[in-house]
> 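A single structure is presented below for examination.
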Amino acid sequence: ANKAFRESMQAHVLKQFMTVYMFLDKAYAAKVIRNQCLFRATSTIKSTAEVLVVFERSVLAGEGDLKKHLKLLGIEFNAIQTPLDEFDFRVVTLANSICDGVRLCRLIDLLCAQSASSSSPFSHSDSYGRAIPQTTEAERGKAREKRVQTLTSQLQFPADSESARIHNLMLVIKALKRRKCPVFESTARDVARGHRDATLALLWNIMLKFKIVDMLDDAQLLTEIRRLKQHRSYKQVDEARRASDCQMFINTPSLNLLLQWCKCVGLIHGVEITNFNTSFSDGRALCALITHYLPGTLPESEIRHETTMTVQNATRQDEACTVVAQTTTDFVATFSPGVNRVGGRSHIYLQDNEKHNFKMVASALRRIGVPMLALKKDLSGSIPDEKSVIAYVTYICRALLDVDHEYFAAVKVQQWWRAHLTTRQEQVRQAALMTANERTRAATVLQGAMRGFMVRTQLTHKHVSATCLQAIARGFLSRHNTTQLKKKEEMKRNHSRATVVIQSFVRQFLARKRVLALRKEQQLQQQKQ
């Protein structure tokens with residue numbers, strides 16, 4: 001029993017080990033495990049096939065060639081960890097991290113893959129508008145991996161010599177030239193030797209080609225510029241200021257549209273924008289851009305317009321408008337309107353205003369998710385670098401126009417919803433009015449019926465009351481008459497009885513009188529006798 005259990009347990013452990021082993025091999029070979037190494041850098045084993053050989057020799061020595069047995073079952077192990085997979089692509093310093101060209105090749109591959117994946121859709125629609133996938137997810141993954149490894153597979157690694165570094169950098173330059181990026185082959189030698197200006201220029205060209213130009217939508221900018229030129233405040237600006245020339249060292253159609261967009265927004269808010277360096281040195285231009293599209297985030301009242309840039313412009317105008325007056329005593333007086341215009345503000349006060357503007361810009365941009373590509377110390381108090389300002393304004397333009405589209409979309413939705421609510425409220429009002437009219441008619445009918453019922457009830461009550469009163473009155477009169485009649489009859493009976501009594505007394509009296517008279521006669525007769 002113990003032997004059978006041990007054999008069963010060994011088979012179970014071997015099956016679980018091979019399952020995990022196959023999973024790691026397939027995942028690493030298919031690049032599902034990204035930016036992670038399957039083996040340690042100090043390990044002597046760099047492939048899953050070598051692991052299988054070591055495992056076979058250590059545990060399954062009597063089984064023969066395990067790799068051949070698994071191949072008969074259709075199972076192969078192809079994961080290999082190359083020295084390039086173990087390479088650390090983090091950039092520490094520009095002089096040492098960029099000069100070998102390895103990181104730049106990797107960067108170009110990733111940027112090309114992103115632009116290709118964003119420009120080529122994976123599905124199309126038939127004539128009925130139904131989406132039909134062109135390729136499967138596995139095929140797209142293989143094609144994407146093939147695109148990503150285009151330059152990386154041609155690297156000379158490790159790039160210990162100058163020739164190897166130049167070869168790697170030439171791969172980058174040729175890839176940029178294929179995309180019509182203005183770079184020179186001599187740049188490769190300067191970058192390989194750690195020349196800072198050449199390295200920064202190459203990185204700027206890469207950023208300009210793959211990020212800044214791709215982030216700007218020329219059609220969207222043209223539409224927005226046309227819309228801004230219809231603004232009431234823009235039409236109030238004099239023609240000379242609207243026709244002023246724009247100056248750029250790096251002049252491309254997309255950047256020219258970007259500067260035109262900034263100029264239109266600036267003129268609406270009273271800020272002169274003619275270039276990408278001095279016009280953005282005091283923060284007013286950035287504040288105007290944000291205020292125009294996000295007035296709730298940065299109110300226009302928070303912008304401080306008294307800066308060193310405005311003082312310099314006012315000073316130039318004052319020098320041209322200086323008035324020299326000579327009195328009668330040959331005293332010459334110079335009147336400078338500029339002193340009164342800026343109020344005699346100190347240089348520290350003006351710099352504080354600039355810092356306030358940049359602080360408001362940074363606070364507003366954090367809310368909309370724009371990265372801080374330039375610090376206020378790099379822009380304020382000096383002539384800022386045109387490339388830094390272009391990159392900064394490009395991100396701001398993309399974010400603000402997206403917010404603007406979201407705003408207009410929200411406005412359209414709100415307008416539709418308000419119209420829907422108005423229609424619905426009107427329908428409810430009409431229904432309520434009809435219901436009110438019906439209720440009024442029903443109430444009138446009910447009230448008429450109730451009033452008729454009440455009138456009839458009152459008449460019935462009055463009739464019954466009158467009948468009762470009449471019956472009572474008739475009963476009273478009948479009883480009264482009956483009583484009077486009874487009294488008369490009683491009086492008659494009393495009179496009759498009285499008459500009878502009187503008559504009986506009278507008859508008795510007359511009878512006694514006659515009797516007495518007879519007795520007296522008898523007595524007289526007797527006496528006479």
Side-chain angles (χ1 to χ4, degrees), residues 111 114-115 118-119 179-182 204-237 239 241-280 283-295 297-298 300 361 364-365 367-371 373-374 379 384-412:
L111 292 176
Q114 290 178 1
S115 60
S118 61
S119 61
R179 291 183 169 269
K180 299 180 181 181
C181 188
W204 166 251
N205 286 324
I206 294 174
M207 185 177 179
L208 179 63
K209 181 62 182 176
F210 288 97
K211 282 297 180 183
I212 294 179
V213 176
D214 289 344
M215 289 178 65
L216 296 176
D217 188 352
D218 294 349
Q220 184 181 12
L221 279 175
L222 282 172
T223 304
E224 186 65 18
I225 290 171
R226 294 193 195 98
R227 190 178 69 85
L228 291 173
K229 288 183 179 180
Q230 300 300 321
H231 199 278
R232 181 179 59 185
S233 299
Y234 182 85
K235 292 181 179 180
Q236 293 176 356
V237 179
E239 189 66 27
R241 292 176 61 190
R242 284 189 284 178
S244 59
D245 296 332
C246 297
Q247 304 171 359
M248 278 195 304
F249 179 75
I250 303 172
N251 194 355
T252 63
S254 298
L255 296 183
N256 189 20
L257 288 176
L258 180 64
L259 185 56
Q260 291 292 332
W261 171 72
C262 296
K263 178 182 176 181
C264 292
V265 176
L267 289 177
I268 291 174
H269 296 275
V271 180
E272 292 284 347
I273 301 177
T274 58
N275 51 52
F276 279 121
N277 41 42
T278 56
S279 297
F280 288 85
R284 294 184 304 124
L286 296 176
C287 289
L289 295 177
I290 299 172
T291 299
H292 184 75
Y293 292 95
L294 299 174
T297 305
L298 201 160
E300 191 171 2
V361 170
L365 293 181
R367 298 181 183 179
I368 61 177
V370 175
L373 300 179
L379 301 176
D385 182 53
E386 186 180 39
K387 299 175 183 178
S388 301
V389 175
I390 288 174
Y392 205 21
V393 175
T394 300
Y395 274 94
I396 294 175
C397 175
R398 179 65 177 270
L400 292 180
L401 291 184
D402 290 342
V403 171
D404 193 45
H405 279 293
E406 293 176 0
Y407 171 76
F408 279 110
V411 170
K412 291 293 184 182

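Position 1 is the first residue of the sequence; numbering continues from there.
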> Please name all residues satisfying salt bridge (Lys or Arg N to Asp or Glu O under 4.0 Å) with Arg367, sequence neighbours left out, ordered by chain then number.
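Counting only residues at least two positions away or on another chain, Arg367 forms no salt bridge (Lys or Arg N to Asp or Glu O under 4.0 Å).
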
> Run the side chain to side chain contact (heavy atoms under 4.5 Å, CB included) check on Tyr293 and Ile396 step by step: do they pass?
CA-CA 11 Å; Tyr293 292 95; Ile396 294 175; over 6 Å; no

> According to side chain to side chain contact (heavy atoms under 4.5 Å, CB included), who are the partners of Lys235, at least two apart in sequence or on a separate chain?
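Testing Lys235 for side chain to side chain contact (heavy atoms under 4.5 Å, CB included), a comparison that skips the adjacent residues, returns Gln230.
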
> Applying side chain to side chain donor-acceptor pair (under 3.5 Å), name anything that partners His269, two or more places apart in sequence or on another chain.
His292, Glu300

> When rounded to the nearest 0.5 angstrom, what is the spacing between CE in Met207 and CG in Leu111?
11.0 Å

> Could you tell me which non-hydrogen atom of Leu401 sits nearest to which non-hydrogen atom of Leu221, and how far apart they are?
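Residues Leu401 and Leu221, closest heavy atoms: CD1-CD2, 4.0 Å.
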
> For the CG atom of Leu257 and the CD atom of Gln220, what is their distance to the nearest 0.5 Å?
11.5 Å

> Taking all non-hydrogen atoms of both residues into account, name the closest pair between Ile273 and Gly266 and its distance.
CD1-CA, 4.0 Å

> Quick one: CD on Glu386 to CZ on Phe280, what's the gap to the nearest 0.5 Å?
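Separation between the atoms: 10.5 Å.
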
> Is there a side chain to side chain contact (heavy atoms under 4.5 Å, CB included) between Ile268 and Val237? Walk through the geometry before answering.
CA-CA 8 Å; Ile268 291 174; Val237 179; over 6 Å; no

> With sequence neighbours excluded, tell me which residues meet side chain to side chain donor-acceptor pair (under 3.5 Å) with Thr394.
none

> Looking only at non-hydrogen atoms, find the nearest pair between Leu298 and Val361 and report the distance.
CD1-N, 4.1 Å

> Measuring only between side-chain heavy atoms, which start at C-beta, is Asn277 closer than 4.5 Å to Val389?
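No. Closest side-chain heavy atoms not under 4.5 Å.
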
> Show your working on side chain to side chain contact (heavy atoms under 4.5 Å, CB included) between Trp261 and Leu228 and close with a plain yes or no.
CA-CA 8 Å; Trp261 171 72; Leu228 291 173; 3.6 Å; yes

> If you compare all heavy atoms of Ala285 against all heavy atoms of Ser279, which two are closest, and at what distance to 0.1 Å?
CB-O, 3.6 Å

> Decide yes or no on side chain to side chain contact (heavy atoms under 4.5 Å, CB included) for Tyr392 and Leu365, but give the supporting numbers first.
CA-CA 11 Å; Tyr392 205 21; Leu365 293 181; 3.2 Å; yes

> Could you list the residues that satisfy side chain to side chain donor-acceptor pair (under 3.5 Å) with Asp217, not counting sequence neighbours?
none

> Using the test side chain to side chain contact (heavy atoms under 4.5 Å, CB included), find all partners of Arg232 that sit at least two apart in sequence or belong to another chain.
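If we apply the side chain to side chain contact (heavy atoms under 4.5 Å, CB included) test to Arg232, skipping adjacent residues, the hits are Gln236.
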
> Look up atom CG in Leu216 and atom CG in Leu255, then write down how far apart they are to the nearest 0.5 Å.
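It is 6.5 Å, given to the nearest 0.5 Å.
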
> Taking all non-hydrogen atoms of both residues into account, name the closest pair between Leu400 and Leu289 and its distance.
CD1-O, 3.5 Å

